[in-house]
Structures are given as structure tokens and as C-alpha cells.
Amino acid sequence: MSTLPAAPAPEPMSPEKRAQFDAISRMAREAAGLNIVPEKSAMVFSRLGKRLRALGLSSVDDYIALIQGPDAAEERENLISALTTNVTSFFRENHHFEYFAQQQLPGLIERARSGNRVRLWSAACSSGQEPYSLAMVVLEQFPDAHRHDLRILATDIDHQILAAARAATYSSDLVAPLKANGRERFLRPAESGDVMVADEVRALVALRRLNLMGDWPMKGRFDAIFCRNVMIYFDQPTQNRLISRFAKVCADQAVLYLGHSERIDPAANAPFRQVGQTTFAFDPSASPHVSLRHGAHQE
Ligand SMILES: C[S@@+](CC[C@H](N)C(=O)[O-])C[C@H]1O[C@@H](n2cnc3c(N)ncnc32)[C@H](O)[C@@H]1O
């Protein structure tokens with residue numbers, strides 16, 4: 001049986017480069033929880049190179065001195081933006097949208113129609129395709145959602161990618177999944193052949209900057225949390241803390257959707273029960289020892 005050749009080992013870093021790498025990865029961990037391993041050093045230096053060119057700096061040491069300074073909040077954000085990966089797409093991992101549409105949404109619509117509050121959270125929304133996909137699913141079953149108290153909160157740490165999410169304008173190849181699955185009616189033509197997500201979809205989504213490692217100013221609880229393909233960038237203790245925080249903002253019968261390679265660590269003793277592929281129902285009885293509920297209250 002033939003086997004694939006092993007990936008070449010990364011070249012060892014010089015002591016100087018290693019010190020630079022350590023300074024950058026420490027900052028990324030402190031600012032955004034990112035766990036950047038030395039094997040990723042080539043990616044880090046390539047993306048740093050772009051920041052240096054943008055700022056007209058010639059040395060990485062000068063850049064590190066700059067971002068460690070007191071007035072560098074904006075550049076630290078730019079660095080996090082450069083180091084994070086924003087890959088996403090409409091209806092990515094479609095089984096989550098199917099589960100939501102079939103298992104969760106009918107009950108949520110009933111609750112909204114009876115005057116209750118329904119909140120959905122796309123917790124690392126990138127350029128918006130995830131929350132807009134969710135809004136389209138909602139509108140398909142609940143065309144008058146706007147007249148009820150149902151909203152989608154979409155957050156991300158990266159202010160640049162949030163600007164793209166706000167623009168909600170995509171090239172025609174990016175919306176191909178929508179054309180293929182009969183959801184073209186949620187699109188409008190935009191300039192130069194691009195398309196824009198329709199106002200009725202955008203109106204359900206509130207976009208905000210939020211660092212998952214920082215404070216969460218939201219007061220109410222969520223019925224569904226999509227936190228997909230971001231936990232992979234965090235180390236295990238950070239992932240476990242995040243899962244515990246999600247539990248504290250889950251409404252009864254909430255569902256947490258994770259990315260395809262993400263799991264809930266059994267050692268985290270988290271109050272979630274797996275109900276589908278990377279799909280977890282909030283279930284306090286699954287973890288009787290976890291203290292819940294402080295820090296989140298219903299609006
Ligand atoms: C690969 S994208 C995932 C997008 C979408 N959830 C999906 O699955 O298609 C990861 C996103 O996580 C965001 N991110 C990284 N660290 C974050 C943090 N500490 N807080 C909030 N968002 C973060 C990045 O800016 C990026 O947009």
C-alpha cells in the first residue's frame with residue numbers, strides 16, 4: 001500500500017526569529033486566545049510581512065516594539081485580523097442548518113408567536129455567510145419573523161471582516177450554494193456583477209465586535225449558538241472555559257453547534273448532550289456539578 005510522503009519538517013528558527021515568534025504568539029494568545037504553534041511560524045512571518053509593508057517598517061523587532069506600546073490598540077487589532085483565518089461560506093456544514101430547521105425552529109417559531117423572545121448567536125461570524133444562512137432558514141418557515149422578537153446576534157473579533165459582513169455583498173461564485181439550493185430570492189443584484197443579501201435577511205441580524213475571550217455584554221440567553229471553526233484555534237483549557245461560558249448563556253433547550261473538527265472535551269464536565277454531528281443540546285442534568293446561570297439573565 002502506498003503512503004503519502006510526510007510533510008517536510010519546518011526549518012528550525014534562529015534564536016532571534018524564535019524570540020520574535022514567541023513575542024507575537026504570546027500577544028495573540030493574550031489578545032484573542034489564539035494558540036499559535038511554532039510549526040505555523042512561516043505563516044506568522046508571512047502575514048507579519050504584510051503588516052510591516054502596510055506600515056512602512058523594515059524590521060520585525062520595530063513592529064513588536066510598536067504593538068507593545070501603549071497607543072497600539074488599533075495595530076494589535078490589525079495583527080489579530082492578519083493572524084486569524086476567515087474562511088466561511090453560505091450553508092457551510094449544511095447538516096447544522098437542517099437540524100436547526102427541522103428540530104429547533106418550529107418550536108422557536110411557536111414561542112415567538114406567543115410573544116416570547118428568541119435569540120440566536122453566530123459567535124464567530126466572519127464575513128456574515130453563517131448568520132445570513134441562519135436568517136434565510138428562519139424566513140423560509142417564518143416570513144413574518146420581523147414582527148416578532150426573534151433576532152440573530154452575529155459577532156467576531158475581527159473588525160475588518162465585520163465590515164465585509166455589514167456590506168453583505170458577495171461575488172457570484174460565493175453565492176453559488178444559494179443558487180443551487182433555491183435561495184436566490186434572498187439575493188439582490190449589486191454593482192459590478194456582485195450580489196447583495198436582501199434587506200429582509202439583513203434586518204434579522206445584528207453585527208457586533210466581540211472577543212470570545214473578553215466580556216460578553218449581552219444580557220439575555222440564547223436558544224441556539226453557532227460557534228463553528230474557531231475553537232480549533234484555542235488550546236484545550238481555553239476551549240473548555242468557552243464551553244462553560246456558553247452553558248451559562250444557554251436558554252432551556254438551547255442547542256450548541258460546533259465546527260466539523262471540534263468536540264466538547266468529556267473532561268470539561270459540560271452540561272451538553274450530543275444530539276447530532278457536532279450538535280449538542282444544553283442539558284443541565286448531563287452535568288449536575290456545574291454551577292450555571294450566574295452572569296446571564298433574561299431580558
Ligand atoms: C474560520 S472562521 C469561521 C467562520 C464561521 N463560523 C464558519 O464556520 O464558517 C473563524 C472566525 O473566528 C474569528 N475569531 C478568532 N478568534 C476569535 C476570538 N477570540 N473571538 C471572536 N472571534 C474570533 C476570526 O476572526 C474568524 O472570522
Side-chain angles (χ1 to χ4, degrees), residues 24-37 40 43-44 47 51 73-74 76-100 120-137 152-168 170 174-178 197 205-218 222 224-246 249 255-263 277-280:
I24 295 292
S25 65
R26 199 177 321 116
M27 207 233 106
R29 176 183 295 275
E30 284 166 9
L34 305 179
N35 178 34
I36 306 180
V37 292
K40 298 276 181 197
M43 177 279 280
V44 167
R47 294 186 184 184
R51 291 310 311 145
E74 192 181 331
R76 282 195 290 271
E77 282 191 16
N78 290 337
L79 174 64
I80 295 305
S81 175
L83 292 175
T84 49
T85 301
N86 302 121
V87 174
T88 188
S89 55
F90 286 103
F91 291 92
R92 181 183 194 184
E93 298 174 43
N94 189 40
H95 59 94
H96 284 152
F97 296 99
E98 283 174 357
Y99 183 95
F100 174 77
L120 317 174
W121 182 14
S122 166
C125 67
S126 189
S127 39
Q129 288 93 324
E130 181 176 277
Y132 293 140
S133 300
L134 201 50
M136 290 175 199
V137 171
I152 300 168
L153 173 67
T155 61
D156 201 284
I157 194 173
D158 182 344
H159 61 287
Q160 292 176 11
I161 207 70
L162 280 172
R166 279 196 188 96
Y170 305 93
L174 294 182
V175 298
L178 300 179
V197 171
V205 178
L207 289 152
R208 302 276 181 274
R209 182 168 186 272
L210 182 133
N211 181 354
L212 287 168
M213 300 299 118
D215 291 336
W216 297 355
M218 309 82 85
F222 293 92
I225 301 175
F226 281 64
C227 182
R228 308 186 310 161
N229 305 303
V230 61
M231 285 206 325
I232 33 167
Y233 300 108
F234 306 149
D235 64 18
Q236 193 62 60
T238 309
Q239 292 186 18
N240 292 356
R241 276 195 300 277
L242 184 59
I243 293 288
S244 303
R245 289 185 80 187
F246 283 142
V249 297
V255 176
L256 172 65
Y257 300 87
L258 301 181
H260 60 280
S261 58
E262 297 165 333
R263 299 282 173 274
Q277 193 182 341
T278 55
T279 305
F280 301 86

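Note: hydrogens, waters and symmetry copies are ignored here, and every other heavy atom, side chains too, is used. Just so you know, these numbers come straight off a predicted model, no measurement behind them. In listed order, ligands and their atoms are each counted from 1.
Across V137 and F100, no two heavy atoms sit closer than the pair CG1-CD2, 4.0 Å. Between T278 and E262 the shortest heavy-atom distance is CG2-O, 3.5 Å.
Taking R29 as the reference, D235 meet the salt bridge (charged side-chain N to carboxylate O under 4.0 Å, His left out) condition, with sequence neighbours excluded. Residues passing the ring pair (Phe, Tyr, Trp, His ring centres under 6.0 Å) test with F90, sequence neighbours excluded: Y170. With sequence neighbours excluded, the residues that form a side-chain hydrogen bond (donor to acceptor under 3.5 Å, both in side chains) with H159 are E77, N78.
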Exercise. For N229 and E93, what are the C-alpha separation, side-chain angles and deciding distance, and is it a side-chain hydrogen bond (donor to acceptor under 3.5 Å, both in side chains)?
Worked result: CA-CA 10 Å; N229 305 303; E93 298 174 43; 3.0 Å; yes
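Near ligand 1, A32, L34, T84, T85, N86, V87, T88, R92, A124, S126, E130, D156, I157, D158, L210, N211, L212, R228, N229, V230, F234 each place a heavy atom less than 4.0 angstrom from the ligand.
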